[in-house]
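Structure first, then comments.
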Amino acid sequence: MVDFTSSSDASTLTAADDVLVRWVRADQLLSVRRSVRAVVPSGMAVGLAAAGVALYSSASSTEPLAWLLLVVLSNAFRAFVCRSVRASERSPGGLDELGIAGQLRLVTLSSFLSGCVWALLPMFCSSEVPSQTLFFMTVVCGVCAGSVIYSAAYAPVPVVFVTPALLSVTGWLLWTGGFYHNALALMVVMYLGTLVHASLRGDRAYQVSSRLKNEALFMASELRQTHAQSSRTARELDFRANHDSLTGLFNREGFFEAASRFDHAMGSRHDHAALMLDLDGFKAVNDAFGHKTGDQVLQDVGRWLQARLAKHDAVVGRWGGDEFAVFYHPRGEQVGQGGKEGHEGQGAQGPHQGPDAPEAVAEELIRSIGQATSSYGGQLGLSIGICTGHDCSVAEMLSFSDEALYEAKRLGRNRCHRFDHALHSRLLSRRDIERDLAEAIASNAICVWYQPILGEGGHRLHSLEALLRWQHPRHGWVAPADVIYAAANTGLAERLLRHILGEICKGIEQLSAAGARFDDVPVAMNVSPREMAQLPVDAIVLDCLAKHGLPTHRLQIEITEEVALDTSAAKMRLRALAEAGISIVIDDFGVGYSSLASLRGEHVRQVKIDRSFILNLASSPGSRLMVEAVIRLGQSLFIEVVAEGVENREELEALKALGSPLLQGYYFMRPAPLAKVIAWAEQREDAATAQS
Ligand code: C2E
Ligand code: CA
Ligand code: CA
């Protein structure tokens with residue numbers, strides 16, 4: 001409720017008060033006009049009767065007729081002044097302050113003139129004929145009472161009417177004199193006073209009730225406005241909460257809601273299709289043309305998608321970054337029995353056919369993406385993951401199509417891939433892995449195995465590589481990369497890194513305890529570029545070594561160059577580690593992003609030639625050249641070179657012939673628990689000693 005008296009905002013209060021005063025005045029005007037209009041016919045009738053009596057009693061007919069004419073004129077003027085007004089003027093805001101005041105003055109004037117006409121009536125009275133006097137006195141008093149009763153809304157109107165009429169009566173009574181006339185004059189004056197008082201009271205009462213009514217109206221209109229405003233704001237907030245500000249498409253929340261509504265409306269008997277789209281090469285456009293252009297591209301793609309998919313009544317959303325999501329109901333025919341082609345629910349039919357089929361829609365988008373982005377060179381591609389089904393939730397379908405998108409990208413981008421049974425079981429095992437990871441770390445189910453790296457053609461133990469191992473109770477041995485990926489997805493990356501590092505430190509202690517020959521054998525720990533960029537690896541590593549009282553030369557950090565190590569944070573951490581005395585190893589050398597450039601960093605102590613070169617050593621002259629070049633490069637830059645994945649004698653001999661780098665591979669030993677590796681190394685050394 002709007003409180004007009006206690007509003008804290010003074011200006012609002014004044015404005016509201018001004019409005020209310022105007023509305024009350026307008027009400028008074030309206031009411032007084034209506035009442036005057038209503039009283040005019042009876043005024044005329046009474047005037048006519050009075051004139052008739054005057055004609056009957058007067059010697060001359062001129063004065064009564066003249067008076068009657070005045071009655072007619074004054075009433076006509078009143079009727080004109082108080083004529084019916086337009087609806088717009090009748091509404092509270094219809095007339096302005098000045099307009100209302102002017103109209104009220106005019107009504108008052110007409111009332112005054114009318115009162116003056118009635119003030120002339122005593123001239124027809126004769127002091128000798130009391131009944132005549134009684135008639136005219138009664139008429140005037142009656143007309144005055146009527147005026148007060150009718151025009152109670154606005155006091156000036158009856159007051160200016162009754163005052164001249166009754167004063168004239170009083171004057172006539174006093175003029176004729178005599179006790180009864182004087183007493184009657186006194187009564188008339190008192191009567192006048194009563195009428196004026198009643199008019200003023202009526203006016204006040206009317207104002208109070210009109211103000212109350214208008215306050216209610218004002219509040220109602222304020223409430224309506226506030227409601228309209230808050231509805232607008234709510235709609236705007238709702239739009240913002242559910243839409244992406246850049247493209248105007250649904251954001252994740254909005255997409256879920258719209259797709260779920262759509263899903264619900266279609267019912268569970270119909271198949272739905274979820275498509276997850278990712279622009280290929282968007283990063284390059286962003287890097288080359290800047291973020292503004294990147295935003296423009298995303299907007300263009302958003303518009304293009306909406307236009308292209310309108311015919312399928314699809315729900316289209318931006319999933320974040322350069323990813324978009326689509327949900328629709330393919331109307332085309334379904335053939336055969338499903339199960340092999342896609343992830344279909346119970347009782348599902350085969351894949352759709354026709355232009356509405358998800359593959360057809362996806363391929364059409366992939367073919368025409370160039371049109372959407374032609375102004376930027378049309379360099380963009382599109383990878384799409386597809387999932388169809390009718391008994392899965394929207395969230396599940398999106399997560400399945402995301403999995404399929406990942407596979408489409410893995411298979412070479414710019415293509416679509418359907419979520420199938422293979423992907424489904426992979427997804428299930430990944431979910432199990434993510435679910436069980438924390439427990440596996442806590443219970444030491446995740447441990448570290450070691451693989452030796454050998455020098456002098458395979459005769460001397462040079463170092464060990466630590467490799468993560470986890471045998472999942474349901475899924476068996478989990479690839480280390482999948483464990484790292486799951487940790488990154490579940491926010492456990494740092495815990496896992498600390499755990500592995502702790503295990504490695506214990507391993508180094510175990511090595512020292514095994515004998516002096518292992519005192520100088522360093523252990524290499526794998527760290528992914530992503531871990532290096534996102535975790536304070538330098539601080540964690542140095543802290544852990546210090547806690548175990550281990551010298552920094554006992555640890556090596558092996559980093560894969562699968563992506564350009566271009567974040568300054570990662571570079572700084574590597575430098576900090578190198579300066580602390582830890583050897584930095586570049587893993588999988590030759591297949592990385594900018595391998596040669598990485599060697600310029602003076603902190604690199606070792607490179608590991610990727611196994612793919614060793615594998616092709618005999619058959620591929622290119623691989624031979626590469627291996628030879630890296631060995632030479634290592635020699636001239638004083639960087640150790642390790643050949644990874646040596647599996648047989650031929651590979652070993654070929655490597656020896658090329659300059660004998662450090663060696664690692666199944667040919668020597670597969671990764672194993674540390675105790676086994678120590679036993680293997682001891683046995684090997686003892687055998688070598690015995691031979692010599
Ligand atoms: P990587 O660093 O290149 O490790 C060498 C991989 O090749 C190991 O696989 C090892 O078992 C395998 N290998 C060794 N010799 C041979 C051989 O002669 N022939 C063949 N075919 N393979 C050989 P693994 O243990 O499955 O590790 C795979 C990858 O997982 C590693 O590749 C490394 O990038 C990553 N990884 C392992 N442990 C960790 C870890 O603790 N942290 C991080 N960030 N990554 C790890
Ligand atoms: Ca490695
Ligand atoms: Ca490697």
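Both counts, for ligands and for their atoms, begin at 1 and track the order of listing.
Using a 4.0 Å cut-off between charged nitrogen and carboxylate oxygen, R426 and D432 do not count as a salt-bridge pair. Using a cutoff of 4.0 Å between basic side-chain nitrogens and carboxylate oxygens, D588 and K608 are not scored as salt-bridged.
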> So D244 and T247, side-chain hydrogen bond (donor to acceptor under 3.5 Å, both in side chains) or not? Walk me through it.
Replying inline: CA-CA 6 Å; D244 168 49; T247 58; 2.5 Å; yes
> Under the side-chain hydrogen bond (donor to acceptor under 3.5 Å, both in side chains) criterion, do R431 and S399 qualify, and how do the steps go?
Replying inline: CA-CA 11 Å; R431 280 187 189 164; S399 125; 3.0 Å; yes
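Note on the Ca ion (ligand 3): protein N/O/S atoms under 3.0 Å are D587 OD1, D588 OD1, E644 OE1, E644 OE2.
For ligand 1, the protein residues placed under 4.0 Å by at least one non-hydrogen atom are Q451, E465, L467, L468, R469, P480, I484, I500, N526, V527, S528, E531, E558, D587, D588, R611, E644, G645, V646, E647, G665, Y666, P671.
Of the residues L674, L467, I678, the one that meets the side-chain contact (heavy atoms from CB on, under 4.5 Å) test with Y450 is L674. Results of the side chain to side chain donor-acceptor pair (under 3.5 Å) test with R611 over E644, Q664, E647 single out E647 as the only residue that passes.
Between F250 and F255, the gap from one ring centroid to the other reaches at least 6.0 Å.
Among the heteroatoms counted here (N, O or S) of E465, OE2 is the one nearest to the Ca ion (ligand 2).
In this structure, M669 and Q451 have side chains that are not in contact, with every pair of non-hydrogen atoms separated by 4.5 Å or more.
With hydrogens and angles disregarded, a donor-acceptor distance shorter than 3.5 Å links the side chain of S636 to the backbone of L633.
With 3.5 Å as the limit, one finds no donor-acceptor pair spanning the side chains of T490 and R435.
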